[in-house]
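Lettering follows sequence order; numbering is per chain, from 1. For the numbers below, each heavy atom of this structure counts, side chains included, while hydrogens, waters and symmetry mates do not.
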There are 2 protein chains.
Amino acid sequence: MPLDPLTSTFAALADPTRRAILARLALGETSVMELAKPFDMSLPAISKHLKVLEHAGLISRGREAQWRPCRIAPASFKQVDGWLGNFRRFWDESFNRLDGLLEEMKAEEAAKAPPHTTRKVRVKKEKQRGRTRG
Amino acid sequence: MPLDPLTSTFAALADPTRRAILARLALGETSVMELAKPFDMSLPAISKHLKVLEHAGLISRGREAQWRPCRIAPASFKQVDGWLGNFRRFWDESFNRLDGLLEEMKAEEAAKAPPHTTRKVRVKKEKQRGRTRG
DNA sequence: GTCGTATTTAACCCATAGGTTATTTAACCG
DNA sequence: CGGTTAAATAACCTATGGGTTAAATACGAC
């Protein structure tokens, strides 16, 4: 029974070894051996961690001779950030204050700055704060 | 042995029930009873989930007669977002493209926006940090 | 083929996470 | 006080997660 994506992703992130592995991979793709070095832990343990990360969509693995180079995979990170976005107003002051205006400015500027940008900056208009205590 | 904050926070988020509780709380603070309603689960189970969330710093709880209203607590969310920031360049295109420039513009613009209106909006100079979703 | 290196799989152990029911604490009300 | 509601705790059960060692697999070199 497969867990939903967010659950397996958060579960994968809930381990310091795996987060350290991701931090290492942020510096560039590398082998299992290389990844294992910093840890006082058997290789099979690392292998398991990598499997968890892969299953969570946080890394992907290639094949290069007998090495299996690992690299960061973006999708799950993006999904986590998307989920976090639902709560951003609770802790990001600027999200509630200037961002409406500034994001517009930004979008405007972005629209004419790059010669051919296919990217559109979406402007989210967050009008009212969630009133606590009804 | 207490887990480091990120670990307990991610662990807390790695459960759909708890994420659903947080989603409900994003709408406003409420009681345990109210939080429990949508779930086909005993009250003690919910109580445990709330304890996990509280321990992870994702919610805080008050006291109002016999109710223990729960509400979102920002700090841990912020910390997760901060950690995610280390990887943002992998999935946020704009983070690698325009954001450096645009965030500067933003700060600049914001800095002179409130001419001398004492009570306007405070702007903190941020390090470059892309946050365009989409 | 055989050897060497990199990595995974298998089999196992133990701690803990998530659920249960039954009991207890806390606070209001009459 | 006793009764009712809200919530937490206790005791328990089972599945899973993170680690181990030993064995198997995949690939390149010879």
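- If you take CD of A:Glu64 and C1' of D:dA29, they are 17 Å apart, rounded to a whole angstrom.
- Put simply, CZ on B:Phe10 is 17 Å from P on C:dA17, counting in whole angstrom units.
- Between the NE2 atom of A:His55 and the C1' atom of C:dT8 there is a distance of 17 Å, rounded to whole Å.
- Here C:dT8 is the nucleotide among D:dC27, C:dT8, C:dA11 with the atom lying nearest to any side-chain atom of A:Pro44.
- Along DNA chain D, the nucleotide nearest A:Ala45 and the nucleotide nearest B:Arg68 are compared for position; the residue whose nucleotide lies closer to the 5' end is B:Arg68.
- What separates CD of B:Glu54 from P of D:dA7 is a distance of 13 Å, to the nearest Å.
- In this structure, B:Leu3 places its CG atom 12 Å from C1' of C:dA17, rounding to the nearest Å.
- The phosphate of D:dT20 has OP1 or OP2 within less than 4.0 Å of a side-chain N or O from A:Ser42.
- A sub-4.0 Å separation between OP1 or OP2 of D:dT9 and a side-chain N or O of B:Lys51 is present.
- The distance from atom CG of A:Leu50 to atom P of C:dT9 is 12 Å, rounded to the nearest whole Å.
- Listed pair A:Arg63 / C:dA6 fails the phosphate criterion, with no side-chain N or O lying under 4.0 Å from OP1 or OP2.
- The phosphate of D:dA7 (OP1 or OP2) has no side-chain N or O of B:Arg61 nearer than 4.0 angstrom.
- Residues A:Asp40 and B:Ile46 each lie close to DNA chain D; by heavy-atom proximity, the contact nearer the 5' end of the strand is made by B:Ile46.
- Minimum atom distance to the side chain of B:Trp67 is reached by D:dA7, of the listed D:dC12, C:dA6, D:dA7.
- With contacts defined as side-chain heavy-atom distances shorter than 4.5 Å, the pair A:Leu13/B:Leu13 does not qualify.
- Taking a cutoff of 4.0 Å between a charged side-chain nitrogen and a carboxylate oxygen, B:Arg19 and A:Asp4 qualify as a salt bridge.
- Taking the side chain of B:His49 as heavy atoms from C-beta on, and the options D:dA6, C:dG18, D:dT20, the nearest nucleotide is C:dG18.
- Counting non-hydrogen atoms under 4.0 angstrom, A:Leu43 reaches a base of the nucleic acid.
- Atom pair B:Gln66:CD and C:dA27:P shows a separation of 9 Å (rounding to whole Å applied).
- Panel note: side chain B:Thr9, backbone B:Ala56; a donor-acceptor pair is recorded below 3.5 Å.
- Listed nucleotides D:dA7, C:dG18, D:dG19 differ in distance to A:Lys48; the shortest reach to its side chain belongs to D:dG19.
- Look at CE on B:Met41: it is 15 Å from C1' on C:dT21, rounded to the nearest Å.
- Within the 3.5 Å criterion, the main-chain N or O of A:Gly62 finds a donor-acceptor partner in the side chain of A:Arg68.
- Under the 3.5 Å distance criterion, with hydrogens and angles disregarded, a donor-acceptor pair is assigned to the side chains of A:Arg71 and A:Ser60.
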